Amino acid sequence: MGLLNETNEQYYLGPDSTWNSLDEDYGSYQYISIKDAINNFMISYVGEDKLIPKLKRTDVAFHAQRGIQELTFDTLPSIKTQEIEVSPQLYMVLPQDYVNYVKFTWTDSSGIERVIYPAIKTSDPKPIVQDSNYEYTYDNNGEIIYANESETLKKFAASSGRPTLEENYNNWDIMSVQNYGRRYGSNPENMQNNGTFYIDRVKGLVHFSSDIVGKIITIKYISDGLATDGEMVVHKFAEEALYKYIAHAVLSTRINTPEYIVNRFKKEFAAARRNAKIRLSNIKIEEITQVMRNKSKHIKH
């Protein structure tokens, strides 16, 4: 019995019978919903004379969601994007379903994305207000008064993101003794002029250096695959890995389950996840061949 339950016309035109009106569900055949995955697991693994004689559907649903999270972080193609124009305040708010970033870029006049690198040697410390004698100030309740913005952040926002002489040649005595004849130019991490960013994870903000103002930037980030009902899907290449994850998670939390059974499904999940990564890597021999032609170019030193 075929799995397609709609005609070609229904697929291409969608519910409103209008071409490309954004209500279509293009490309959905490559995924399986979490509801179908739970149903399939209950049919295949739960019941009399099966691996798990009895199991609540709510337990399967919990482990299925956890499985989607685990697979989303390192196996499934789960990168999401947002594009904004940077305001004069030089910050943006992290996306609602943000977990970790992949990269930040700004778009030039040709539509090429230029990578923005993180400023790993700065932060946004909590600034204490001091009086003229450099003593801390307190409110009526005896609590320390804090400023709205730190001097460190102000200086970072005013910077261009490029290294300065002070940053490159500080501590000259140590450098002249230990690094004599070994240092050539700037640090490689600073040898770019695309600007820098810093993420304040407490406030949920991304701060940019001054040369990013007015530019169109894109954040590419990872979510957990559970933000909305539409996102709770699994690619069919990773479907078996999800079943093995649920089986291992259920068996490892049950009392009196033989340890060799738990270890067996732990290994099976690892193998299934590895197979899913290989399949989803989407390697094409023609594309690799085209890239490898670059080896014939001469590299000048």
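Hydrogens, waters and symmetry mates are skipped; everything else that's a heavy atom, side chains included, is used. Note that the structure is a prediction, hence the values are computed from the model and not measured.
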The complete set of salt bridge (Lys or Arg N to Asp or Glu O under 4.0 Å) pairs with one or both residues in residues 257-271, sequence neighbours excluded, reads K244-E268, R264-E268
Hey, could you give me each pair passing salt bridge (Lys or Arg N to Asp or Glu O under 4.0 Å) that has a residue in residues 103-115? Not counting sequence neighbours.
D108-R114, E113-K220
Sidechain-backbone polar pair: S252 side chain, A249 backbone, donor-acceptor under 3.5 Å:
yes
Backbone N or O of D97 within a donor-acceptor pair of the S223 side chain at under 3.5 Å?
yes
Indicate yes or no: at least one non-hydrogen side-chain atom of T72 is less than 4.5 angstrom from one of L226.
no
side-chain hydrogen bond (donor to acceptor under 3.5 Å, both in side chains) with E135: which residues, sequence neighbours excluded?
none
Is K236 paired with E239 through a side-chain N to carboxylate O contact shorter than 4.0 Å?
no
Report the hydrophobic cluster partners of L90, with the cluster defined as I, L, V, M, F, W, Y residues connected by side-chain heavy atoms closer than 4.5 angstrom, directly or transitively.
I84, V86, M92, L94, Y98, Y101, F104, W106, I116, F197, I199, V206, F208, I212, V213, I217, I219, Y221
Carboxylate-amine/guanidinium proximity below 4.0 Å for R279 and E240
no
For Y11 and Y26, run ring pair (Phe, Tyr, Trp, His ring centres under 6.0 Å): C-alpha distance rounded to whole Å, both residues' side-chain angles, the deciding distance at 0.1 Å, then the answer.
CA-CA 7 Å; Y11 172 75; Y26 296 148; 5.6 Å; yes
Partners of Y31 by ring-ring contact (aromatic ring centres under 6.0 Å, His included), sequence neighbours excluded?
H235
Check side-chain hydrogen bond (donor to acceptor under 3.5 Å, both in side chains) between S87 and all other residues, then give those that pass, not counting sequence neighbours.
Q89
Considering all heavy atoms of both residues, which atom of A241 and which atom of L71 are nearest to each other, and what is their separation?
CB-CD2, 4.3 Å
Backbone N or O of D36 within a donor-acceptor pair of the N40 side chain at under 3.5 Å?
yes
Is any side-chain heavy atom of N100 closer than 4.5 Å to a side-chain heavy atom of F73?
no
Results of salt bridge (Lys or Arg N to Asp or Glu O under 4.0 Å) for E83 - residues two or more places apart only
none
Partner set under side-chain hydrogen bond (donor to acceptor under 3.5 Å, both in side chains) for N282, not counting sequence neighbours
K284
When you measure from the side chain of Q30 to the backbone N and O of G27, does any donor-acceptor pair fall under 3.5 Å?
yes
Has T18 got a side-chain atom pairing as donor or acceptor with S21's backbone, closer than 3.5 angstrom?
no
Between D124 and Y198, do the side chains contain an N or O donor and an N or O acceptor separated by less than 3.5 Å?
no
Would a distance-only check, ignoring hydrogens and angles, find a side-chain to backbone donor-acceptor pair under 3.5 Å from S17 to L13?
no
Taking ILVMFWY side chains as joined if any heavy atoms are under 4.5 angstrom apart, and letting links pass through other members, which residues group with Y136?
I128, Y138, I144, Y146
So, using ring-ring contact (aromatic ring centres under 6.0 Å, His included) as the criterion, who are the partners of Y29 when residues are at least two apart?
none
If a pair satisfies side chain to side chain donor-acceptor pair (under 3.5 Å) and one of its residues is in residues 47-66, list it, with sequence neighbours excluded.
N39-R57, R66-Q69, R66-E70
Side-chain donor/acceptor of T75 to backbone N/O of K277, under 3.5 Å
no
Minimum heavy-atom separation for I68 to L242, with atom names?
N-CD1, 4.0 Å
Of D74, L76, V102, which is the lone residue that meets side chain to side chain contact (heavy atoms under 4.5 Å, CB included) with I222?
V102
Pairs touching residues 3-28 that satisfy salt bridge (Lys or Arg N to Asp or Glu O under 4.0 Å), sequence neighbours left out:
none
